[in-house]
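See below for the structure under consideration.
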Amino acid sequence: MSKQSNISRMTAPQIAARKGGEPIVSLTAYHAHTAALIDPFVDFMLVGDSLGMVMHGYDTTVPVPLDLMIMHGAAVVRGSSRALVVVDMPFGSYEESPPIAFRNAARVLKETGCGAIKLEGGVHMAKTITYLTTRGIPVMAHIGLTPQSVNVMGGFKTQGREEKEWESLEQDAKAVAEAGAFAVVIEGMAELLAARITKMIAIPTIGIGASVDCDGQILVLEDMLGLSPRVPKFVKEFGHLGQAIETAVQAYATEVKSREFPSREHVYEMKKSKNNTTSKTGSDK
Ligand code: KIV
């Protein structure tokens, strides 16, 4: 190759190098427009399979198809230029075997242009993580509350609130780090344990409902913007866009009904003809 690489985005190794340093900032993104808005402020954006619940009205993330993740992933890559884009592997696309995981993850990388994938699971996914990372696919792991396992967990349950659960959760964290993941999301985990795991492993931990001591934090964008009807305890609403949308749409409806909108400034006038009479064929410019 004669051309130098022109990678200008954050990369998975750059995220990995932030272990113990400045906290890593991340949010979910599902479409090009919001990706562009958050791009200057985040280190990575996650095209989370939570989009199935947030945007598509599913009760869980289980039904989300791979093609939907690819469609949203490609839009987020097109809308951003700076942050690393990580795309979630949906339920059923990677658990069966490492080669199947590779085939689907390679599709995600090739068809979206993203820089990494994320998958859920600890000890039992370690082999797959090594298989992918040694074949050119950067992997972010996800342990603790893993929403794709909602049916075996019997609900979205916080993990590690009893000490007897700690051993297996710590084993999960160590396994994904040793298998080659460049970072790990820790979701819905007792604060003390999340902080302990952060000290214990060599890769960055990204907390969501975990601990301020994690190496970074992530939230679902719609939750922190105040667009979600109900949010879990760990979400802080940094904005109130739901209210702003209601106010704007109410004002629009009122003005449409009163014929106040569209006013003169929002309509197109007829072109003036040469002899200064009005033309009958107005342009739409
Ligand atoms: O799908 C998602 O949005 C996630 C985050 C909650 C980490 O996995």
Side-chain angles (χ1 to χ4, degrees), residues 12 15 23-31 34-35 38 42-66 68-73 75-76 83-95 105 108 112 114 116-122 125 129 138-150 153 155-159 169 172-173 176 181-189 194 197-198 203-211 214-225 227-228 230-238:
I15 299 288
I24 298 161
V25 181
S26 57
L27 284 168
T28 59
Y30 308 138
H31 27 62
T34 43
I38 70 173
V42 297
D43 297 304
F44 74 87
M45 49 185 99
L46 172 70
V47 186
D49 61 352
S50 52
L51 63 80
M53 299 170 75
V54 177
M55 296 197 58
H56 294 276
Y58 294 121
D59 288 336
T60 72
T61 56
V62 172
V64 173
L66 183 63
L68 191 66
M69 295 307 302
I70 290 176
M71 197 171 76
H72 284 283
V76 167
L84 172 69
V85 177
V86 181
V87 177
D88 252 345
M89 298 298 292
F91 179 69
S93 68
Y94 62 94
E95 302 88 335
V108 171
T112 69
C114 73
I117 59 95
K118 175 167 83 58
L119 52 79
E120 295 183 8
M125 289 314 300
I129 293 172
V139 177
M140 178 176 282
H142 182 156
I143 62 165
L145 194 169
T146 46
Q148 293 175 9
S149 308
V150 61
M153 290 191 301
F156 297 103
K157 292 193 175 141
T158 309
Q159 305 290 298
L169 291 162
D172 281 342
V176 298
F182 71 92
V184 55
V185 168
I186 299 187
E187 179 169 358
M189 185 181 284
I197 285 176
T198 300
I203 58 171
T205 58
I206 311 295
I208 173 162
S211 164
C214 288
D215 297 295
Q217 301 293 329
I218 187 163
L219 282 176
V220 169
L221 180 66
E222 284 71 5
D223 288 352
M224 61 83 80
L225 289 179
L227 274 169
S228 303
R230 279 176 313 283
V231 289
K233 169 186 162 72
F234 61 78
V235 172
K236 176 171 175 180
E237 293 185 332
F238 287 84

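All ligand and atom numbering here is 1-based and tracks the order in the structure. Everything quoted here is computed from the prediction, not taken from an experiment.
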Could you grab the distance from atom CG of Leu145 to atom OG1 of Thr158, nearest 0.5 Å is fine?
-> 6.5 Å

For Asp88 and ligand 1, does the shortest N/O to N/O distance drop below 3.5 Å?
-> yes

Taken to the nearest 0.5 Å, the spacing of Met189 CE from Thr205 OG1 works out to 9.5 Å

Would you check the N or O atoms of Asp49, main chain and side chain alike, for any that come under 3.5 Å of an N or O of ligand 1?
-> yes

Which donor-acceptor pairs under 3.5 Å do side chains of residues 56-64 form with protein atoms, sequence neighbours excluded?
{"from": "His56", "atom 1": "NE2", "to": "His72", "atom 2": "NE2", "distance (Å)": "3.0"}
{"from": "Thr60", "atom 1": "OG1", "to": "Val62", "atom 2": "N", "distance (Å)": "3.1"}

For the atom pair CD1 (Ile24) and CD1 (Ile206), what is the distance rounded to the nearest 0.5 Å?
-> 4.0 Å

Separation between CD (Glu120) and CG (Asp172), nearest 0.5 Å, reads 12.0 Å

For atom 6 (C) of ligand 1, grab the closest protein heavy atom and report residue, atom and distance to one decimal in Å.
-> Ile208 CD1, 3.6 Å

Please report which non-hydrogen protein atom sits nearest to atom 4 (C) of ligand 1, along with the residue it belongs to and the distance in Å to one decimal place.
-> Leu46 CD2, 3.5 Å

Which ligand 1 atoms does Thr28 reach within 4.0 Å, using its non-hydrogen atoms?
-> 3 (O)

Which value, rounded to the nearest 0.5 Å, describes the distance between Ser50 atom OG and Ile208 atom CD1?
-> 8.0 Å

Nearest to atom 3 (O) of ligand 1, what protein heavy atom do you find, and at what distance?
-> Ser50 OG, 2.5 Å

For His142, take its heavy atoms, then give the atoms of ligand 1 lying under 4.0 Å from any of them.
-> 8 (O)

OH on Tyr30 to CE on Met45, rounded to 0.5 Å = 13.0 Å

Near Gly48, which atoms of ligand 1 are under 4.0 Å from a heavy atom of that residue?
-> 1 (O), 2 (C), 3 (O)

Protein heavy-atom partner closest to atom 8 (O) of ligand 1 - residue, atom, separation in Å = Lys118 NZ, 2.9 Å

